[in-house]
Amino acid sequence: MKILKFIKKSYSIVLLLFLGVLVFSCNTDETQTVATFKKLVAEDNFDVEGAPDSNFWNIEIGDGSDQGIPGWGNNELQVYTDREENVKVENGFLLITARQEDFNDAQYTSARIQTKGKVQQLYGRFEARIRLPYGKGMWPAFWLLGDDNNGTEVWPNIGEIDIMENTGDSPTEIFGTIHGPGYSGGNSISKTFTLEQDRVDTDFHVYGIEWGPNYINFYIDDKLYNQLTPEDVDDETDGEGEWVFNNRPFYIILNLAVGGNLPGQPNEETIFPQTMLVDYVRVYEQ
Amino acid sequence: MKSINYKTGRSAIILGLILIFNLGCERDLTDEAVPATFPNTAEIFTDTPVGLTDDFFISFDPADGANPQAFNTDDDVAYQGTTSIRFDVPTPSDPNGSFIGGIFKDRGEGRDLTGYDALTFWAKATVTADIERVGFGADFEEGNFVVRQKVPVFTNWRKVIVPIPDPSKLTQEKGMFLISTNSTSNNNQGFTIWIDEVKFEKLGTTRLTGAQIFGGQDLTQEGFVGIPTQLDWQTFTTNLADGQNLSTELRPNYFEFSSSNPQVATVSEDGLIEVVGLGETLITASLNGVMAQGSLNLNVASVFSFAPVPTRPAENVVSLFSDAYNDIPVSRYNSFFEPFQTTLGGVVNAGTETIISYTDLNFVGIVFNDVIFPAEAVTPVDATNLTHLHIDILVPEALQAEDRFLVQLTNYGATESVGSFLINGSDLVQDGWASFDIPLSSFAGLTDLSRIGLLLFNTSNASNVPTISSVILDNIYFYAE
């Protein structure tokens, strides 16, 4: 896949310095390293006001019925739109906003954008700086899906890497997950990270993975909190599961779901609208 | 009214005290002008009290029903270490007092709490029940109180969090801890609460998500130049790490207030709204950068005009409230009966005179007896030789067809007798005074006049729904014709 954005040299120097800080302040596990991939190959800093950059993003609309998965496969309650009430770039941030409103037979609207066919690659470091919403029923995610070869292959065989998910009733917890054949949905392989003295909705945090042949490292800020390998898939699935992350490009998805199987329904204490703020999305190669 | 058991509701004192010691304070020059130079000790109780006054637990007044014997430390039970604090919550009939209530106070000049975001402690109880009120910042002086209500306790140790809405306000705080509860939540059966590891903490996991004044309602009220009104029903909401949303009461001075037209009304740091001119203004507030829900739209159409000056000779009058006479001792001009009374307000200054202003009305009593609140006992009125009750009423809101204002007198004789007189809304005047001279013989049911000790007003209709929500009263007196 061709990468569409090229980075100015001076900018990447600044980035390298920043990465240096990340690396050296991390000492979670000597056998692991955080963020060693330093060659920036694509980024959106959300500097242009208006709709998300169409060179980078596709906006997915509807309730999943067009994709054959009403409720997006999880009994989610929202309908996604491309209206600026639900998705826009403003003041240097991408805003994905969930609203409580009647719209096309749904009670909630929100947005989901992805980079299929535009920014996708096999392996690399995928990172975003995000401030999350809060409240029961909120389900924000920054994740990757494997390319489906023009629709000839299906989930979970194509693989899914959830770099960051959160449910709004747990404002100090995020989790990183992989799905593949033999370990998908409720049987996916996941690990939760709990923030100390901090929350996901009051501050921005950097969420990322570094992904290479036979491994995916999950990190938040300067903390590497999980590494998944084919051995983990074997252990978790008694040898039934298959590692599907070595053979196809993956693309990025950012979305804010409302309700559904995982977070449960919003309740009377859930305050709407709720906004997921994204400062940047960056993709690196080794 | 029969459903309201205010006579045995001595827990009224709990709210009464909190309101009185906090709202009754005068403001000094702002503390913010002084750099914070006070110790920031976090611990309040570990296995021993930390930096507290020698008396450790300062009970509310036993004369009001507080039970000072109910407090102790316990060397057999601890969440951590060796010792916890133990409260034996009494029953309503406990001769030592029907509730536990009191504070822990810093023994020095106060602590700098600006680096913390919550008071925390661990608690358990012999049964699953509620602590009616728990918080900090109450010091019987000028503390910036924050109080959570109905905090559940369980039979295993659980952590309790009382969030600090704006730590920057707490540069010198003496009120370290406040607790007050009776056994209502356990069906009036006594039970024991242990608390341990009481301290201030920087959790970093709490989020101030909202603030409310006037209970989050957008109110519209008539105002009069010279008649102040007090901000009330202020709360803030906090989202905790476990997703729980807490609602917590706080002193008004945590808020920043705004009046859209300061020529009409201004708001003091502590939420007193002073009406200074004619016109319209919108009172709003924010808390630590969060805009508060709720507002007061004040329409001021006139300078306050006082009720007609009474002319009856003083020797024929027994006055409860009037600038024209010497009033007899009265224990309360607002009864604050718990738990059903919603009425706020009481005596306010109007220029050089005073009037009574009630808001959020359902019912409210003027208390002048030696029965309901023994600690405040005064002599009831012997009205055997008196013939009438006079009262002037001004209703600062639009009157509706079904509005009513029930006046009730209670005589505390060998047996208690109660008489009522109903004033219909059609006999009242919006924004104007209506004067009533009610023959005592018209109080149906009042069989004995020798020890009248309670004058109660009730605006509720037959379905127990309040009608008129605010009134101004003046010149309340008995007289002989």
Side-chain angles (χ1 to χ4, degrees), chain A residues 91 97-100 130-140 164-175 192-206 220-223 225 256-277, chain B residues 40 42 113-120 148-152 158-168 197 199-213 215-218 235-249 286-294:
Chain A
N91 297 325
T97 301
R99 296 179 182 276
Q100 185 169 31
I130 308 174
R131 195 182 79 189
L132 298 177
Y134 88 101
K136 178 73 176 170
M138 291 296 122
W139 184 9
M164 180 283 301
E165 289 183 276
N166 160 266
T167 59
D169 56 353
S170 299
T172 63
E173 293 180 358
I174 56 102
F175 43 99
T192 296
F193 178 85
T194 302
L195 286 78
E196 297 291 332
Q197 300 193 327
D198 207 348
R199 294 169 63 103
V200 294
D201 60 332
T202 50
D203 285 307
F204 282 89
H205 295 279
V206 174
I220 171 173
D221 299 324
D222 60 351
K223 294 184 180 65
Y225 70 92
L256 172 52
V258 179
N261 300 343
L262 188 69
Q265 315 286 64
N267 61 24
E268 68 282 353
E269 291 182 353
T270 308
I271 295 171
F272 285 94
Q274 284 291 323
T275 298
M276 171 181 182
L277 280 166
Chain B
N40 63 353
L113 304 177
T114 56
Y116 305 110
D117 59 18
L119 167 79
T120 68
R148 268 186 69 188
Q149 291 195 24
K150 297 220 172 291
V151 175
R158 308 272 183 107
K159 190 172 187 177
V160 176
I161 294 172
V162 181
I164 300 176
D166 184 353
S168 71
E197 303 303 313
K199 62 186 172 191
F200 292 100
E201 275 193 83
K202 173 83 177 174
L203 295 172
T205 55
T206 63
R207 172 177 171 178
L208 176 68
T209 56
Q212 298 80 32
I213 57 172
Q217 306 168 86
D218 294 315
T235 51
F236 67 99
T237 49
T238 312
N239 187 255
L240 302 185
D242 64 2
Q244 187 186 171
N245 291 304
L246 297 183
S247 179
T248 310
E249 290 175 38
S286 66
L287 176 67
N288 202 359
V290 174
M291 194 68 200
Q293 289 178 289

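Quick note on labels: first sequence line is chain A, next is B, and so on, each numbered from 1.
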- prompt: Looking at B:N245, B:T206, B:N239, which has the largest count of heavy-atom pairs under 4.5 Å with chain A?
  reply: B:N239
- line: Rounded to the nearest 0.5 Å, the CG atom of A:D203 sits from the CZ atom of B:R207 at a distance of 10.5 Å
- prompt: Between CD of A:E173 and OG1 of B:T205, what distance do you get to the nearest 0.5 Å?
  reply: 11.5 Å
query: Which region of B:T237, side chain (C-beta onward) or backbone (N, CA, C, O), has a non-hydrogen atom less than 4.5 Å from a non-hydrogen atom of chain A, or is it both or neither?
result: neither
task: Go through the atoms of B:D242 and report whether side chain, backbone, both or neither lie under 4.5 Å from a heavy atom of chain A.
output: backbone
task: Locate the shortest heavy-atom distance separating A:P171 from B:L240; write the atom from each residue and the value.
output: CG-O, 3.4 Å
Backbone N/O of B:K202 and side chain of A:Q197: donor-acceptor pair under 3.5 Å: yes
message: Quick check on the interface: out of A:T194, A:D201, A:T202, who has the most heavy-atom pairs with chain B under 4.5 Å?
response: A:D201
